[in-house]
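All values derive from a computational prediction rather than experimental measurement.
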Amino acid sequence: MNLGISVITIHRSSFGIAFDIDGVLLRGKDPIGGSPQALRRLYGDSGNLNVPFLFLTNGGGIPESRRANELSELLGVKIVPSQVLQGHSSFKSLLKRYENQLIVATGKGEPAVVMSEYGFKKAVSLEEYASCFENIDPLAPYKMWTTKLGLDRSSPPLNTVPRYDVSSETVLCDVLRCGGLPGQDNGHQPQPPLYFAADDLEYQAAFPSNRLGTGAFRIALESVFNRIHYNPLEYVSFGKPNPFVFKNAEAMLKQLQPSYHSDYFKEPGDSGSQSFKTLYMIGDNPSVDVKGAQQAGHPWFSILTRTGVFRGKHNHAEFPADLVVDTVEEAVDYILGRECIS
């Protein structure tokens with residue numbers, strides 16, 4: 001019996017790719033390793049995405065939508081915000097717990113703006129918080145402080161408010177050890193929850209030598225805090241190599257994955273996406289990218305480039321990748337050849 005229903009089969013990729021950014025695709029604002037050409041090969045002639053891929057970086061400081069626009073301009077392909085997972089993207093999972101609580105956000109860029117966009121209603125920068133306490137920072141006379149703002153404001157911070165990448169260990173220690181408001185004797189109060197968006201000791205940026213990352217700041221803060229507090233510093237680190245980040249990346253890649261078939265033939269509960277046979281992590285940092293893929297386990301396959309933190313002739317001794325290549329273009333060539341895609 002002909003019911004007049006036709007079925008159109010849509011190609012579905014059995015693999016996906018996660019790209020680190022700094023040291024793999026870009027050095028500062030400059031593309032490296034043939035990255036624009038490599039990414040263009042993942043699109044069809046019509047501009048549609050043939051291979052699901054995203055950017056998995058421990059960097060951040062700006063909203064994912066703005067980072068997607070920057071990457072589109074620098075790499076010459078259309079990137080959407082759902083393809084960008086930054087170090088602080090995992091903070092979205094904390095929204096139900098802290099949506100209406102005071103959040104002090106510190107780091108490069110506009111961390112309070114980012115947290116407000118995620119839905120946190122009382123997010124302030126460290127500088128805004130410190131400006132509410134007279135003489136809390138001995139270096140205050142040498143800084144351009146933001147206007148004093150109340151901590152109970154309900155509106156999100158404006159992009160026009162000046163923000164500065166000044167992570168004062170003194171002020172952070174005050175916040176963490178007081179259990180309440182700095183300057184008050186609060187007794188032995190529990191330490192407020194502390195979350196790091198990443199824990200990289202080093203990363204590759206525009207400068208020729210590796211730069212110290214968030215992990216270095218965490219070590220410094222922890223050392224000072226443990227010297228002046230009766231309990232050791234407690235914290236949670238997101239970002240690579242945390243396995244949660246890789247599970248989140250897999251879930252996002254499934255959303256980018258073309259469906260098997262039309263909606264007419266979806267089984268109950270079928271989202272239209274299937275498990276990947278292989279997920280490729282392309283990175284330049286063995287202790288972050290490779291270690292993370294190894295901890296995440298199947299179906300992750302790690303590829304290490306020599307354009308960033310890693311410059312070794314052979315594989316890394318402690319965290320050996322599944323494959324070592326010179327550039328990201330070579331990595332994509334390998335993947336497409338292995339997956340039998342021209």
Side-chain angles (χ1 to χ4, degrees), residues 56-61 85-116 118-120 122-130 133 136-137 151 163-182 186-203 211-249 285 287-289 291-292 295-296 319:
L56 187 57
T57 174
N58 279 355
L85 289 181
Q86 304 185 101
H88 46 63
S89 297
S90 297
F91 288 168
K92 296 175 185 178
S93 65
L94 303 173
L95 183 60
K96 289 184 179 179
R97 191 183 312 176
Y98 301 116
E99 180 179 1
N100 295 303
Q101 296 189 32
L102 175 64
I103 303 294
V104 180
T106 182
K108 71 176 183 179
E110 300 176 321
V113 171
V114 171
M115 296 298 283
S116 294
Y118 289 169
F120 295 92
K122 296 181 180 179
V124 298
S125 71
L126 180 65
E127 292 71 44
E128 290 169 335
Y129 183 84
F133 302 92
I136 191 173
D137 189 341
L151 297 181
R163 301 177 187 278
Y164 304 93
D165 185 15
V166 182
S167 299
S168 169
E169 292 172 16
T170 299
V171 177
L172 274 180
C173 284
D174 286 329
V175 173
L176 292 169
R177 70 175 175 171
C178 69
L181 294 177
N186 300 295
H188 294 323
Q189 297 293 325
Q191 174 204 307
L194 174 63
Y195 296 90
F196 289 97
D199 204 26
D200 298 28
L201 181 61
E202 295 182 310
Y203 70 100
R211 313 317 295 156
L212 294 177
T214 306
F217 174 76
R218 191 265 305 162
I219 292 171
L221 175 65
E222 188 173 18
S223 178
V224 173
F225 183 89
N226 291 351
R227 285 289 189 95
I228 62 177
H229 203 263
Y230 57 92
N231 284 331
L233 184 69
E234 297 180 1
Y235 62 89
V236 175
S237 289
F238 284 107
K240 299 173 292 185
N242 190 322
F244 172 83
V245 174
F246 286 80
K247 291 296 183 183
N248 190 30
N285 192 332
S287 64
V288 173
D289 302 309
K291 180 182 178 181
Q295 290 181 339
F319 303 111

Legend entry - Approximate separation, where rounding is to 0.5 Å, of K122 NZ and I103 CD1: 10.5 Å

Legend entry - N/O donor-acceptor pair under 3.5 Å between Q191 side chain and E234 backbone: yes

Legend entry - Check: L221 and F196 side chains under 4.5 Å, non-hydrogen atoms: yes

Legend entry - Note, F225 side chain near E222 side chain (heavy atom, < 4.5 Å): no

Inset, instruction - Establish, yes or no, whether a centroid distance under 6.0 Å links the rings of Y98 and F120. - result: no

Inset, instruction - Evaluate the side-chain proximity of I219 to L201: yes if any heavy-atom separation is below 4.5 Å, no if none is. - result: yes

Inset, instruction - Taking the side chain as every heavy atom from C-beta outward, state whether N248 and L85 have any atom pair closer than 4.5 Å. - result: yes

Inset, instruction - Mark yes or no for whether N242, through its side chain, and S237, through its backbone, hold a donor-acceptor pair below 3.5 Å. - result: yes

Inset, instruction - Would you indicate whether the side-chain heavy atoms of F319 and P241 approach each other to under 4.5 Å? - result: no

Legend entry - Given T57, N58, D289, D199, the one that forms side chain to side chain donor-acceptor pair (under 3.5 Å) with K240: D289

Inset, instruction - Name the orientation class of the two ring planes belonging to Y118 and H88 (parallel below 30°, tilted from 30 to 60°, perpendicular beyond 60°). - result: tilted

Legend entry - L56 versus A249, closest heavy-atom pair with distance: CD2-CB, 4.2 Å

Legend entry - Heavy-atom closest pair, residues A296 and F246: CB-CB, 3.6 Å

Legend entry - Trace of the side chain to side chain contact (heavy atoms under 4.5 Å, CB included) decision for Y129 with L102: CA-CA 10 Å; Y129 183 84; L102 175 64; 3.9 Å; yes

Legend entry - Between OG1 on residue T214 and CZ on residue F238, distance to nearest 0.5 Å: 14.0 Å

Inset, instruction - Of all the heavy-atom pairs spanning S90 and V245, show the shortest one and how long it is. - result: OG-CG2, 3.8 Å

Inset, instruction - Mind listing the closest non-hydrogen atom pair of A105 and A112 along with its distance? - result: CB-N, 3.8 Å

Inset, instruction - State, to 0.1 Å, how close I136 and A130 come at their nearest heavy-atom pair, and which atoms those are. - result: CG2-O, 3.4 Å

Legend entry - Side-chain touch L126/V104, heavy atoms, less than 4.5 angstrom: yes

Legend entry - Check: N226 side chain, L233 main-chain N or O, donor-acceptor pair, under 3.5 Å: yes

Inset, instruction - Any chance you could measure L94, atom CG, to M115, atom CE, to the nearest 0.5 Å? - result: 7.0 Å

